[in-house]
Number of protein chains: 2
Amino acid sequence: MNVKHDKEKVVQIGLNLFCSKGYTNVGLDEICSATGMTKGAFYNAFESKENFLLETLARFDKSNTERINTVLAPKKGVKAVDQLFEFYSYMIKVQPKVNFMGCMVNNMMSELGAINENVAHVTSKGFENIINAVEPCVQRAQHEGDINPDYDSKEMATLLHSTFYGVLTRAKSLGSNKKGLKTMELLFTNLKTK
Amino acid sequence: MNVKHDKEKVVQIGLNLFCSKGYTNVGLDEICSATGMTKGAFYNAFESKENFLLETLARFDKSNTERINTVLAPKKGVKAVDQLFEFYSYMIKVQPKVNFMGCMVNNMMSELGAINENVAHVTSKGFENIINAVEPCVQRAQHEGDINPDYDSKEMATLLHSTFYGVLTRAKSLGSNKKGLKTMELLFTNLKTK
DNA sequence: CCAAACAGACTAATCGGTCTGTTTAAAATA
DNA sequence: TATTTTAAACAGACCGATTAGTCTGTTTGG
(Lines give C-alpha, C1' and ligand atoms only; values in the text may rest on other atoms or scores of the structure.)
Protein backbone atom coordinates (compact mmCIF):
# COMPACT_ATOMS: atom_id res chain seq x y z
CA MET A 1 0.00 0.00 0.00
CA ASN A 2 2.90 2.36 0.67
CA VAL A 3 4.42 1.77 -2.69
CA LYS A 4 1.74 2.29 -5.27
CA HIS A 5 -1.48 2.98 -3.43
CA ASP A 6 -2.64 5.81 -1.23
CA LYS A 7 -4.91 4.34 1.40
CA GLU A 8 -6.80 7.61 1.69
CA LYS A 9 -7.65 7.53 -2.01
CA VAL A 10 -8.54 3.84 -2.00
CA VAL A 11 -10.91 4.31 0.92
CA GLN A 12 -12.48 7.30 -0.81
CA ILE A 13 -13.10 5.30 -3.97
CA GLY A 14 -14.63 2.47 -1.95
CA LEU A 15 -16.80 4.97 -0.14
CA ASN A 16 -18.13 6.28 -3.43
CA LEU A 17 -18.78 2.79 -4.75
CA PHE A 18 -20.58 1.63 -1.61
CA CYS A 19 -22.68 4.79 -1.51
CA SER A 20 -23.81 4.71 -5.10
CA LYS A 21 -24.37 0.95 -5.48
CA GLY A 22 -24.61 -0.45 -1.98
CA TYR A 23 -22.24 -2.73 -0.11
CA THR A 24 -23.59 -6.06 -1.32
CA ASN A 25 -23.87 -4.90 -4.90
CA VAL A 26 -20.20 -3.98 -5.14
CA GLY A 27 -17.82 -6.91 -5.53
CA LEU A 28 -14.14 -7.08 -4.75
CA ASP A 29 -13.29 -7.27 -8.44
CA GLU A 30 -15.05 -3.96 -8.95
CA ILE A 31 -13.29 -2.42 -5.99
CA CYS A 32 -9.93 -3.64 -7.26
CA SER A 33 -10.42 -2.43 -10.80
CA ALA A 34 -11.76 0.93 -9.60
CA THR A 35 -8.79 1.46 -7.34
CA GLY A 36 -6.25 -0.09 -9.67
CA MET A 37 -5.34 -2.67 -7.07
CA THR A 38 -4.96 -6.40 -7.33
CA LYS A 39 -6.41 -8.79 -4.81
CA GLY A 40 -2.96 -9.23 -3.38
CA ALA A 41 -2.65 -5.54 -2.73
CA PHE A 42 -6.17 -5.27 -1.36
CA TYR A 43 -5.86 -8.11 1.12
CA ASN A 44 -2.45 -6.92 2.16
CA ALA A 45 -4.01 -3.61 3.11
CA PHE A 46 -7.39 -4.74 4.46
CA GLU A 47 -8.49 -7.74 6.47
CA SER A 48 -11.70 -8.34 4.60
CA LYS A 49 -14.40 -6.65 2.55
CA GLU A 50 -16.39 -5.96 5.71
CA ASN A 51 -13.34 -4.51 7.40
CA PHE A 52 -12.79 -2.31 4.37
CA LEU A 53 -16.38 -1.11 4.65
CA LEU A 54 -15.86 -0.28 8.31
CA GLU A 55 -12.78 1.74 7.41
CA THR A 56 -14.70 3.66 4.76
CA LEU A 57 -17.46 4.27 7.29
CA ALA A 58 -14.95 5.54 9.81
CA ARG A 59 -13.47 7.86 7.24
CA PHE A 60 -16.89 9.10 6.19
CA ASP A 61 -17.84 9.66 9.81
CA LYS A 62 -14.74 11.72 10.45
CA SER A 63 -14.79 13.91 7.36
CA ASN A 64 -18.55 14.31 7.47
CA THR A 65 -18.52 15.49 11.06
CA GLU A 66 -15.63 17.87 10.39
CA ARG A 67 -17.43 19.26 7.40
CA ILE A 68 -20.64 19.89 9.31
CA ASN A 69 -18.73 21.50 12.13
CA THR A 70 -17.08 23.83 9.63
CA VAL A 71 -20.18 24.69 7.64
CA LEU A 72 -22.33 25.23 10.71
CA ALA A 73 -19.74 27.10 12.74
CA PRO A 74 -20.96 30.50 14.01
CA LYS A 75 -20.58 33.10 11.27
CA LYS A 76 -20.92 36.80 11.84
CA GLY A 77 -23.84 38.38 10.06
CA VAL A 78 -25.40 35.04 9.18
CA LYS A 79 -28.37 33.66 11.03
CA ALA A 80 -27.96 30.16 12.37
CA VAL A 81 -31.27 29.07 10.88
CA ASP A 82 -30.06 30.19 7.47
CA GLN A 83 -26.87 28.21 7.88
CA LEU A 84 -28.90 25.14 8.70
CA PHE A 85 -31.22 25.62 5.79
CA GLU A 86 -28.38 26.30 3.39
CA PHE A 87 -26.58 23.21 4.58
CA TYR A 88 -29.50 20.87 4.02
CA SER A 89 -30.51 22.59 0.80
CA TYR A 90 -27.05 22.16 -0.58
CA MET A 91 -26.84 18.51 0.43
CA ILE A 92 -30.08 17.85 -1.42
CA LYS A 93 -29.30 20.05 -4.41
CA VAL A 94 -26.01 18.32 -5.02
CA GLN A 95 -27.50 14.84 -5.29
CA PRO A 96 -27.98 14.74 -9.06
CA LYS A 97 -24.32 15.66 -9.45
CA VAL A 98 -23.15 12.83 -7.18
CA ASN A 99 -25.24 10.06 -8.67
CA PHE A 100 -27.78 10.28 -5.81
CA MET A 101 -25.27 8.71 -3.47
CA GLY A 102 -27.05 10.19 -0.51
CA CYS A 103 -25.37 9.83 2.87
CA MET A 104 -23.32 6.77 3.68
CA VAL A 105 -24.64 6.55 7.24
CA ASN A 106 -28.22 6.49 5.98
CA ASN A 107 -27.44 4.02 3.18
CA MET A 108 -25.61 1.54 5.36
CA MET A 109 -28.18 1.82 8.14
CA SER A 110 -30.80 0.86 5.63
CA GLU A 111 -28.92 -1.92 3.88
CA LEU A 112 -27.08 -3.52 6.78
CA GLY A 113 -28.29 -1.98 10.02
CA ALA A 114 -30.61 -4.85 10.80
CA ILE A 115 -28.29 -7.69 9.75
CA ASN A 116 -24.77 -6.64 10.73
CA GLU A 117 -23.96 -5.63 14.28
CA ASN A 118 -20.71 -3.87 13.46
CA VAL A 119 -22.33 -1.72 10.80
CA ALA A 120 -25.29 -1.08 13.09
CA HIS A 121 -22.93 0.14 15.78
CA VAL A 122 -20.82 2.49 13.68
CA THR A 123 -23.80 3.94 11.81
CA SER A 124 -25.71 4.58 15.02
CA LYS A 125 -22.64 6.27 16.38
CA GLY A 126 -22.24 8.13 13.09
CA PHE A 127 -25.76 9.46 13.32
CA GLU A 128 -25.13 10.56 16.88
CA ASN A 129 -21.96 12.37 15.81
CA ILE A 130 -23.89 14.21 13.14
CA ILE A 131 -26.54 15.28 15.60
CA ASN A 132 -23.89 16.51 17.99
CA ALA A 133 -22.42 18.57 15.16
CA VAL A 134 -25.76 20.01 14.09
CA GLU A 135 -27.12 20.68 17.54
CA PRO A 136 -25.09 23.80 18.44
CA CYS A 137 -26.33 25.55 15.33
CA VAL A 138 -29.91 24.62 16.19
CA GLN A 139 -29.36 26.01 19.65
CA ARG A 140 -28.13 29.30 18.23
CA ALA A 141 -31.12 29.47 15.94
CA GLN A 142 -33.30 29.03 18.99
CA HIS A 143 -31.50 31.83 20.80
CA GLU A 144 -31.84 34.01 17.74
CA GLY A 145 -35.58 33.40 17.81
CA ASP A 146 -35.80 31.60 14.48
CA ILE A 147 -36.46 28.10 15.76
CA ASN A 148 -38.97 27.35 18.45
CA PRO A 149 -36.99 27.33 21.72
CA ASP A 150 -39.54 25.23 23.58
CA TYR A 151 -37.94 21.97 22.58
CA ASP A 152 -34.61 20.29 23.18
CA SER A 153 -32.07 21.35 20.57
CA LYS A 154 -30.75 17.83 20.11
CA GLU A 155 -34.23 16.52 19.44
CA MET A 156 -34.77 19.30 16.96
CA ALA A 157 -31.52 18.43 15.21
CA THR A 158 -32.60 14.80 15.12
CA LEU A 159 -35.88 15.80 13.53
CA LEU A 160 -34.10 17.84 10.89
CA HIS A 161 -31.70 15.09 10.03
CA SER A 162 -34.30 12.31 10.06
CA THR A 163 -36.40 14.21 7.58
CA PHE A 164 -33.30 14.90 5.53
CA TYR A 165 -32.60 11.17 5.34
CA GLY A 166 -36.14 10.40 4.28
CA VAL A 167 -35.79 12.98 1.56
CA LEU A 168 -32.45 11.59 0.38
CA THR A 169 -33.82 8.08 0.10
CA ARG A 170 -36.80 9.18 -1.93
CA ALA A 171 -34.56 11.22 -4.24
CA LYS A 172 -32.76 8.01 -5.23
CA SER A 173 -35.89 6.59 -6.77
CA LEU A 174 -37.22 9.84 -8.11
CA GLY A 175 -33.93 10.69 -9.76
CA SER A 176 -34.76 14.24 -8.79
CA ASN A 177 -34.23 16.54 -5.84
CA LYS A 178 -37.06 19.00 -6.36
CA LYS A 179 -39.72 17.41 -4.20
CA GLY A 180 -37.19 16.81 -1.46
CA LEU A 181 -36.20 20.45 -1.48
CA LYS A 182 -39.80 21.46 -0.99
CA THR A 183 -40.21 19.00 1.85
CA MET A 184 -37.14 20.33 3.60
CA GLU A 185 -38.31 23.92 3.10
CA LEU A 186 -41.66 23.06 4.59
CA LEU A 187 -40.05 21.52 7.64
CA PHE A 188 -37.99 24.64 8.26
CA THR A 189 -41.05 26.80 7.84
CA ASN A 190 -42.86 24.81 10.49
CA LEU A 191 -39.97 24.86 12.91
CA LYS A 192 -39.70 28.61 12.90
CA THR A 193 -41.15 30.47 15.80
CA LYS A 194 -44.61 31.84 15.08
CA MET B 1 -48.65 -23.07 -8.21
CA ASN B 2 -52.32 -24.04 -8.12
CA VAL B 3 -51.59 -27.45 -6.75
CA LYS B 4 -49.39 -27.02 -3.72
CA HIS B 5 -48.59 -23.34 -3.40
CA ASP B 6 -50.71 -20.31 -2.67
CA LYS B 7 -49.22 -17.42 -4.62
CA GLU B 8 -50.53 -14.93 -2.08
CA LYS B 9 -48.65 -16.69 0.69
CA VAL B 10 -45.48 -17.09 -1.33
CA VAL B 11 -45.44 -13.40 -2.21
CA GLN B 12 -46.02 -12.51 1.42
CA ILE B 13 -43.09 -14.63 2.54
CA GLY B 14 -40.88 -13.07 -0.11
CA LEU B 15 -41.99 -9.64 0.99
CA ASN B 16 -40.98 -10.39 4.57
CA LEU B 17 -37.61 -11.75 3.48
CA PHE B 18 -36.83 -8.81 1.22
CA CYS B 19 -37.87 -6.33 3.88
CA SER B 20 -35.86 -7.81 6.70
CA LYS B 21 -32.70 -8.75 4.78
CA GLY B 22 -32.79 -6.76 1.57
CA TYR B 23 -33.23 -7.92 -2.00
CA THR B 24 -29.61 -8.66 -2.81
CA ASN B 25 -29.00 -10.40 0.49
CA VAL B 26 -31.76 -12.93 -0.06
CA GLY B 27 -30.94 -15.72 -2.49
CA LEU B 28 -33.30 -17.93 -4.42
CA ASP B 29 -32.37 -20.93 -2.31
CA GLU B 30 -33.51 -19.04 0.76
CA ILE B 31 -36.72 -17.98 -0.92
CA CYS B 32 -37.39 -21.54 -2.00
CA SER B 33 -36.71 -23.10 1.38
CA ALA B 34 -38.74 -20.41 3.16
CA THR B 35 -41.72 -20.96 0.89
CA GLY B 36 -41.30 -24.73 0.63
CA MET B 37 -40.91 -24.47 -3.12
CA THR B 38 -38.36 -25.97 -5.42
CA LYS B 39 -36.66 -24.02 -8.17
CA GLY B 40 -38.91 -25.72 -10.66
CA ALA B 41 -41.99 -24.49 -8.86
CA PHE B 42 -40.57 -21.01 -8.39
CA TYR B 43 -39.60 -20.47 -12.00
CA ASN B 44 -42.86 -21.93 -13.18
CA ALA B 45 -44.65 -19.26 -11.17
CA PHE B 46 -42.31 -16.29 -11.64
CA GLU B 47 -40.23 -15.11 -14.54
CA SER B 48 -37.20 -14.14 -12.51
CA LYS B 49 -36.06 -13.00 -9.09
CA GLU B 50 -36.50 -9.38 -10.12
CA ASN B 51 -39.97 -10.09 -11.43
CA PHE B 52 -40.79 -11.76 -8.13
CA LEU B 53 -39.60 -8.65 -6.30
CA LEU B 54 -41.83 -6.48 -8.48
CA GLU B 55 -44.80 -8.69 -7.64
CA THR B 56 -44.07 -8.43 -3.94
CA LEU B 57 -43.77 -4.66 -4.32
CA ALA B 58 -47.10 -4.51 -6.13
CA ARG B 59 -48.71 -6.52 -3.39
CA PHE B 60 -47.18 -4.36 -0.69
CA ASP B 61 -48.32 -1.24 -2.49
CA LYS B 62 -51.88 -2.46 -2.72
CA SER B 63 -52.31 -3.75 0.82
CA ASN B 64 -50.39 -0.85 2.32
CA THR B 65 -52.53 1.74 0.58
CA GLU B 66 -55.72 -0.06 1.53
CA ARG B 67 -54.58 -0.27 5.12
CA ILE B 68 -53.78 3.43 5.33
CA ASN B 69 -57.09 4.30 3.74
CA THR B 70 -58.86 2.22 6.34
CA VAL B 71 -56.92 3.43 9.36
CA LEU B 72 -57.10 7.07 8.35
CA ALA B 73 -60.73 7.04 7.23
CA PRO B 74 -62.86 9.70 8.97
CA LYS B 75 -63.98 8.45 12.36
CA LYS B 76 -66.65 10.12 14.45
CA GLY B 77 -65.42 11.56 17.71
CA VAL B 78 -61.75 11.15 16.74
CA LYS B 79 -59.63 14.07 15.63
CA ALA B 80 -57.83 13.59 12.33
CA VAL B 81 -54.53 14.70 13.82
CA ASP B 82 -54.85 12.00 16.46
CA GLN B 83 -55.50 9.40 13.79
CA LEU B 84 -52.36 10.50 11.98
CA PHE B 85 -50.28 10.44 15.12
CA GLU B 86 -51.63 7.08 16.20
CA PHE B 87 -50.91 5.65 12.78
CA TYR B 88 -47.29 6.72 12.71
CA SER B 89 -46.78 5.89 16.37
CA TYR B 90 -48.07 2.41 15.83
CA MET B 91 -45.94 1.84 12.74
CA ILE B 92 -42.86 2.81 14.74
CA LYS B 93 -43.85 0.99 17.90
CA VAL B 94 -44.38 -2.27 16.06
CA GLN B 95 -40.88 -2.37 14.55
CA PRO B 96 -39.20 -4.45 17.26
CA LYS B 97 -41.92 -7.06 16.81
CA VAL B 98 -41.40 -7.26 13.04
CA ASN B 99 -37.62 -7.50 13.06
CA PHE B 100 -37.27 -3.81 12.12
CA MET B 101 -38.47 -4.59 8.63
CA GLY B 102 -39.52 -1.00 8.16
CA CYS B 103 -41.46 -0.17 5.02
CA MET B 104 -40.76 -2.01 1.79
CA VAL B 105 -41.08 1.13 -0.33
CA ASN B 106 -38.44 2.87 1.76
CA ASN B 107 -36.16 -0.16 1.84
CA MET B 108 -36.23 -0.81 -1.88
CA MET B 109 -35.87 2.88 -2.71
CA SER B 110 -32.72 2.89 -0.66
CA GLU B 111 -31.23 -0.37 -1.89
CA LEU B 112 -32.21 -0.32 -5.54
CA GLY B 113 -33.74 3.05 -6.37
CA ALA B 114 -30.56 4.38 -7.90
CA ILE B 115 -29.55 1.23 -9.79
CA ASN B 116 -32.76 -0.37 -11.05
CA GLU B 117 -35.24 1.58 -13.14
CA ASN B 118 -38.15 -0.77 -12.61
CA VAL B 119 -37.78 -0.65 -8.85
CA ALA B 120 -37.28 3.10 -8.97
CA HIS B 121 -40.53 3.46 -10.86
CA VAL B 122 -42.72 1.29 -8.67
CA THR B 123 -41.33 2.65 -5.43
CA SER B 124 -41.78 6.25 -6.56
CA LYS B 125 -45.33 5.39 -7.48
CA GLY B 126 -45.73 3.55 -4.18
CA PHE B 127 -44.65 6.63 -2.27
CA GLU B 128 -47.08 8.75 -4.23
CA ASN B 129 -49.90 6.32 -3.47
CA ILE B 130 -49.11 6.54 0.21
CA ILE B 131 -49.16 10.33 0.14
CA ASN B 132 -52.49 10.28 -1.65
CA ALA B 133 -53.84 8.03 1.09
CA VAL B 134 -52.50 10.17 3.91
CA GLU B 135 -53.38 13.54 2.43
CA PRO B 136 -57.14 13.55 3.08
CA CYS B 137 -56.56 12.97 6.77
CA VAL B 138 -54.04 15.82 6.86
CA GLN B 139 -56.60 18.03 5.17
CA ARG B 140 -59.19 17.19 7.79
CA ALA B 141 -56.69 17.93 10.54
CA GLN B 142 -56.16 21.31 8.93
CA HIS B 143 -59.88 21.97 8.84
CA GLU B 144 -60.15 20.90 12.43
CA GLY B 145 -57.50 23.43 13.32
CA ASP B 146 -54.90 20.96 14.55
CA ILE B 147 -52.43 21.24 11.68
CA ASN B 148 -51.33 24.54 10.23
CA PRO B 149 -53.67 25.18 7.26
CA ASP B 150 -51.30 27.60 5.54
CA TYR B 151 -49.57 24.85 3.61
CA ASP B 152 -50.58 22.36 0.95
CA SER B 153 -51.95 19.19 2.53
CA LYS B 154 -50.05 16.95 0.15
CA GLU B 155 -46.78 18.63 1.00
CA MET B 156 -47.57 18.27 4.66
CA ALA B 157 -48.30 14.56 4.16
CA THR B 158 -45.00 14.23 2.31
CA LEU B 159 -43.19 15.86 5.19
CA LEU B 160 -44.79 13.51 7.68
CA HIS B 161 -43.94 10.43 5.67
CA SER B 162 -40.40 11.50 4.80
CA THR B 163 -39.63 11.98 8.46
CA PHE B 164 -41.26 8.66 9.20
CA TYR B 165 -38.93 6.96 6.72
CA GLY B 166 -35.89 8.62 8.20
CA VAL B 167 -36.98 7.38 11.59
CA LEU B 168 -37.58 3.84 10.34
CA THR B 169 -34.14 3.63 8.79
CA ARG B 170 -32.43 4.79 11.95
CA ALA B 171 -34.42 2.31 14.02
CA LYS B 172 -32.85 -0.55 12.03
CA SER B 173 -29.42 0.32 13.30
CA LEU B 174 -30.47 1.37 16.76
CA GLY B 175 -32.48 -1.79 17.28
CA SER B 176 -34.87 0.44 19.16
CA ASN B 177 -37.88 2.58 18.42
CA LYS B 178 -37.75 5.01 21.31
CA LYS B 179 -35.77 7.81 19.75
CA GLY B 180 -37.84 7.56 16.60
CA LEU B 181 -41.03 7.89 18.57
CA LYS B 182 -39.75 11.08 20.15
CA THR B 183 -38.74 12.47 16.77
CA MET B 184 -42.17 11.77 15.33
CA GLU B 185 -43.84 13.32 18.36
CA LEU B 186 -41.74 16.41 17.99
CA LEU B 187 -42.69 16.76 14.34
CA PHE B 188 -46.38 16.58 15.18
CA THR B 189 -45.94 19.13 17.91
CA ASN B 190 -44.36 21.54 15.47
CA LEU B 191 -47.00 21.01 12.81
CA LYS B 192 -49.86 21.88 15.12
CA THR B 193 -51.33 25.29 14.83
CA LYS B 194 -49.99 27.69 17.42
C1' DC C 1 19.28 -8.97 2.47
C1' DC C 2 14.77 -8.93 4.34
C1' DA C 3 10.20 -7.97 5.22
C1' DA C 4 6.41 -5.74 3.43
C1' DA C 5 3.93 -4.81 -0.91
C1' DC C 6 2.13 -6.67 -4.69
C1' DA C 7 0.59 -9.82 -8.72
C1' DG C 8 -2.81 -12.84 -10.14
C1' DA C 9 -4.04 -17.78 -10.67
C1' DC C 10 -6.78 -20.43 -7.92
C1' DT C 11 -10.53 -22.30 -4.63
C1' DA C 12 -14.84 -23.43 -2.50
C1' DA C 13 -19.20 -21.63 -2.08
C1' DT C 14 -23.00 -19.36 -3.80
C1' DC C 15 -25.44 -16.76 -7.28
C1' DG C 16 -29.60 -16.62 -10.59
C1' DG C 17 -31.30 -19.45 -13.88
C1' DT C 18 -32.06 -23.77 -17.04
C1' DC C 19 -33.25 -28.30 -18.37
C1' DT C 20 -34.99 -32.92 -18.34
C1' DG C 21 -37.92 -35.49 -16.47
C1' DT C 22 -42.07 -36.76 -13.52
C1' DT C 23 -46.42 -35.88 -11.29
C1' DT C 24 -50.92 -34.11 -11.33
C1' DA C 25 -55.37 -32.41 -12.29
C1' DA C 26 -58.61 -31.46 -15.35
C1' DA C 27 -60.49 -31.65 -20.09
C1' DA C 28 -61.64 -34.61 -23.98
C1' DT C 29 -63.18 -38.79 -25.68
C1' DA C 30 -65.56 -43.12 -25.60
C1' DT D 1 -68.84 -43.12 -15.90
C1' DA D 2 -64.32 -44.82 -17.28
C1' DT D 3 -60.35 -43.97 -19.98
C1' DT D 4 -57.18 -41.32 -22.49
C1' DT D 5 -54.83 -37.12 -23.49
C1' DT D 6 -52.60 -32.87 -22.58
C1' DA D 7 -50.63 -29.04 -20.56
C1' DA D 8 -49.38 -27.01 -16.49
C1' DA D 9 -47.12 -27.79 -11.95
C1' DC D 10 -43.38 -29.49 -9.91
C1' DA D 11 -38.74 -31.81 -8.59
C1' DG D 12 -34.05 -31.16 -8.36
C1' DA D 13 -29.61 -32.08 -10.78
C1' DC D 14 -27.05 -29.15 -13.22
C1' DC D 15 -24.87 -24.81 -15.51
C1' DG D 16 -21.82 -20.86 -16.20
C1' DA D 17 -20.86 -16.75 -13.80
C1' DT D 18 -19.54 -14.53 -9.82
C1' DT D 19 -18.58 -14.27 -4.85
C1' DA D 20 -15.14 -13.38 -1.03
C1' DG D 21 -10.97 -14.92 0.07
C1' DT D 22 -6.23 -17.69 -0.30
C1' DC D 23 -1.76 -18.98 -1.71
C1' DT D 24 2.53 -19.05 -4.12
C1' DG D 25 5.42 -16.56 -5.94
C1' DT D 26 7.82 -12.07 -7.43
C1' DT D 27 8.95 -7.26 -6.94
C1' DT D 28 10.40 -3.45 -4.33
C1' DG D 29 12.32 -0.12 -1.03
C1' DG D 30 14.91 0.50 3.00
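In what follows, chains carry the letters A, B, and so on, assigned in the order in which the sequence lines appear, proteins first and then strands, with residues in each chain numbered from 1. Quick caveat, the model's predicted, so the values are computed rather than measured.
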d([atom1], [X]; [atom2], [N]) in whole Å:
X: B:Ile31; N: C:dT14; atom1: CD1; atom2: C1'; result: 14 Å
X: B:Asp29; N: D:dT19; atom1: CG; atom2: P; result: 17 Å
X: A:Lys39; N: C:dC10; atom1: NZ; atom2: P; result: 13 Å
X: A:Phe46; N: C:dA5; atom1: CZ; atom2: C1'; result: 13 Å

Using a distance-only test with no angle check, is there a side-chain donor-acceptor pair under 3.5 angstrom linking [X] and [Y]?
X: B:Asn190; Y: A:Asn148; answer: no
X: B:Thr123; Y: A:Ser173; answer: yes
X: B:Ser110; Y: A:Ser110; answer: yes

From the options [options], select the nucleotide whose nearest atom is closest to the side chain of [X].
X: B:His5; options: D:dT22, D:dA11, C:dA5; result: D:dA11
X: A:Ser48; options: D:dG21, D:dA9, D:dT19; result: D:dG21
X: B:Thr38; options: D:dG12, C:dG17, C:dA9; result: D:dG12
X: B:Tyr43; options: C:dA5, C:dG17, D:dA20; result: C:dG17
X: A:Ala41; options: C:dA7, C:dG16, D:dG21; result: C:dA7

*Would you say A:Lys21 has more than 12 foreign heavy atoms packed within less than 6.0 Å of its NZ?*
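At most 12 heavy atoms, drawn from other residues, nucleotides or ligands, come within 6.0 Å of this atom.
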*Hey, which sits more toward the 5' end of DNA chain D by its nearest nucleotide, A:Gly40 or A:Val26?*
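The 5'-side residue here is A:Val26.
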*Go through the N and O atoms of the side chain of A:Lys49 and the base of D:dG21, and report whether any donor-acceptor pair is under 3.5 Å.*
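Counting by modelled atom types and ignoring angles, no donor-acceptor contact under 3.5 Å is found here.
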